[in-house]
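Okay, so here's the structure we're looking at.
In what follows, every chain begins at residue 1, and chains take the letters A, B, ... in the order their sequences are listed.
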There are 2 protein chains.
Amino acid sequence: MTGQVRTVDGRVAGRRGQATRQKLLDCLSEMLSSSPYRDVKVIDVARKAGTSPATFYQYFPDVEGAVLEIAEQMAAEGAGLTELLEGRSWTGKAGWQTAQELVDGFLDFWRKNDAILRVVDLGAAEGDKRFYKIRMKILNSVNNSLTNTVKELQAKGKVDKDVSPAAMAGSLVAMLAAVASHQKGFQSWGVKQAELKPNLALLVHMGVTGRKPTR
Amino acid sequence: MTGQVRTVDGRVAGRRGQATRQKLLDCLSEMLSSSPYRDVKVIDVARKAGTSPATFYQYFPDVEGAVLEIAEQMAAEGAGLTELLEGRSWTGKAGWQTAQELVDGFLDFWRKNDAILRVVDLGAAEGDKRFYKIRMKILNSVNNSLTNTVKELQAKGKVDKDVSPAAMAGSLVAMLAAVASHQKGFQSWGVKQAELKPNLALLVHMGVTGRKPTR
DNA sequence: CGGTAAGCTGACGGCATGACAGGACAAGTG
DNA sequence: CACTTGTCCTGTCATGCCGTCAGCTTACCG
């Protein structure tokens, strides 16, 4: 599916080359966690990887290109978020648990990948379609699942007809993503993680089912 | 309160100087709308303003410093968002209208200032306290007001006791901000503005009051 | 008109970028 | 072992942006 890994000038990369490439990606990833995106320089990444800037340019057109690569890897993992929703029930106590586990899983994933997700978010907001697509890829798994759930409940008459399933799901997913990327902010706002999660779960549950959960 | 405008080397700016300074800010602002934050260069801003890079450095320590200035100006305007909530009712039809107007005003403000808000969001997410403070300044007006409303309703027994007002308000505000900054994204997701707003209002209303609105 | 401070810029060393050609290295072949 | 081949890395270079300084121009004031 992914095809062969290639250098910028078209040659296929061997075992050694791929190792170097991956090391550069790892170092870039680390760099993104510790310094502002704007200040990440090719030369620093190369130095950290114990190689030269020229090597970097052999594998990536520029910093952005490498970031896209990292984001792509993360998006592949992120597809696993679907499991948080597949075959889950949204009724009764099970529904409350579904909501809680969704929030939990989502926040965990975001915390694990916060640095790269920040950059993806920026790129998407700036209108870059490549970043936007990656963001979609991650959120779509959750979003589609939520959209379908709302549609089903709507068909059964359990949710108001004038709710737009896609808009509702999108809003909830956007909320989760936003809260996740500002988790530290909330803490210094005087809100503790332990308080945050139940509230998010509550909002998700009410948004999807239109009702308060039974706990 | 703001004191005199000063150059980097400590001189006070006169009429002419302030005009140049403002022109640089305007050009930077325009630049942020049209090109990625990472690619905004001092020399481009200076050229656009019909001046030299050296002049830029006379008024700002670097690009980030100038961005903070623009953000500060915007934050001052953003304090006006409080009006969307002051003295509003959250009961009955009036409550539904309050929620709708909050969503409307919020999305408008964000769309007007999307370029600079993107950068502020990034800075805050990266842990820069100066950007974080500005983000707070904008969101706090709405956040505090919502927090108080939830507290009051809770005191009257109309909202569950185990809801944390601060967490709930923060989550809702984060949702509004996130949806606002990805408005274009929603559109290509197949969700229309007209559908989005009522759904956001619904979530806000349910989050604050714990009940579905009466329309 | 002369003094003073504000305002602007040319020019410079320093550093990142991105391209290239060539050297180092591993693996296969006779 | 010598030789070949193809991959992989780096030294080096032209280019362009960064951030600073001394010095020139402009505006204001007595």
Checklist line | Presence of A:Thr55 side-chain N/O under 4.0 Å of D:dT10 phosphate oxygens OP1/OP2 | finding: yes
Note to self: Is the phosphate of C:dC8 approached by B:Thr20 (side-chain N or O, under 4.0 Å from OP1 or OP2)?
What the structure shows: yes
Notebook entry, point to check: Heavy atoms, side chains only, cut-off 4.5 Å: are B:Lys192 and B:Gln187 in contact?
Noted result: no
Margin query: Under 4.0 Å between a side-chain nitrogen and a carboxylate oxygen: does that hold for A:Lys48 and A:Glu30?
Written below: yes
Checklist line | Whole angstrom value for the distance that separates P of D:dG19 from CG of B:Asp62 | finding: 7 Å
Item checked: Rounded interatomic separation in angstrom, taking CZ from A:Arg38 and P from C:dA16 -> 15 Å
Check: When all nucleic acid strands are considered with a 4.0 Å heavy-atom cut-off, which category describes B:Thr51: base, sugar-phosphate, or nothing?
Finding: sugar-phosphate
Next item on the list: Let me know the distance between CZ of A:Phe60 and P of C:dT17, rounded to the nearest Å.
Entry: 14 Å
Margin query: Here's a test of your reading of the structure: between A:Arg16 and B:Arg47, which maps to the more 5' nucleotide of DNA chain D?
Written below: A:Arg16
Note to self: Any salt bridge linking A:Asp121 with A:Arg118? Criterion: basic side-chain nitrogen under 4.0 Å from a carboxylate oxygen.
What the structure shows: no
Margin query: What is the distance, to the nearest angstrom, from the CG atom on A:Asp39 to the C1' atom on D:dC17?
Written below: 14 Å
Next item on the list: Please report, rounded to the nearest Å, how far the C1' atom of D:dA27 is from the CD atom of B:Gln18.
Entry: 15 Å
Next item on the list: Could you say whether B:Val42 or B:Ala54 is positioned toward the 5' end of DNA chain D, judged by the nucleotide with the nearest heavy atom to each?
Entry: B:Val42
Item checked: Earlier contact from the 5' end, DNA chain C, for B:Arg11 and B:Pro53 -> B:Arg11
Item checked: B:Arg88 bridged to B:Glu101 by N-O distance under 4.0 Å -> yes
Item checked: Check: B:Val208 and B:Leu172 side chains under 4.5 Å, non-hydrogen atoms -> yes
Note to self: Please classify the nucleic acid contact of A:Tyr59 as base, sugar-phosphate, or nothing, using heavy-atom distances under 4.0 Å.
What the structure shows: sugar-phosphate
Margin query: What's B:Arg15 touching, base or sugar-phosphate or nothing? Going by heavy atoms closer than 4.0 Å.
Written below: sugar-phosphate
Notebook entry, point to check: Can you tell me how far C1' of C:dG7 sits from CZ of B:Arg6, to the nearest Å?
Noted result: 16 Å
Next item on the list: Grab the CZ-P distance between B:Phe56 and D:dC18 for me, whole Å please.
Entry: 9 Å
Check: What integer distance in Å separates A:Arg21:CZ from D:dC9:P?
Finding: 12 Å
Notebook entry, point to check: 5'-most contact on DNA chain C: B:Gln58 or A:Val40, nearest heavy atom basis?
Noted result: B:Gln58
Check: Hey, does the side chain of B:Tyr57 come within less than 4.0 Å of D:dC21's phosphate (OP1/OP2), counting only N and O?
Finding: no
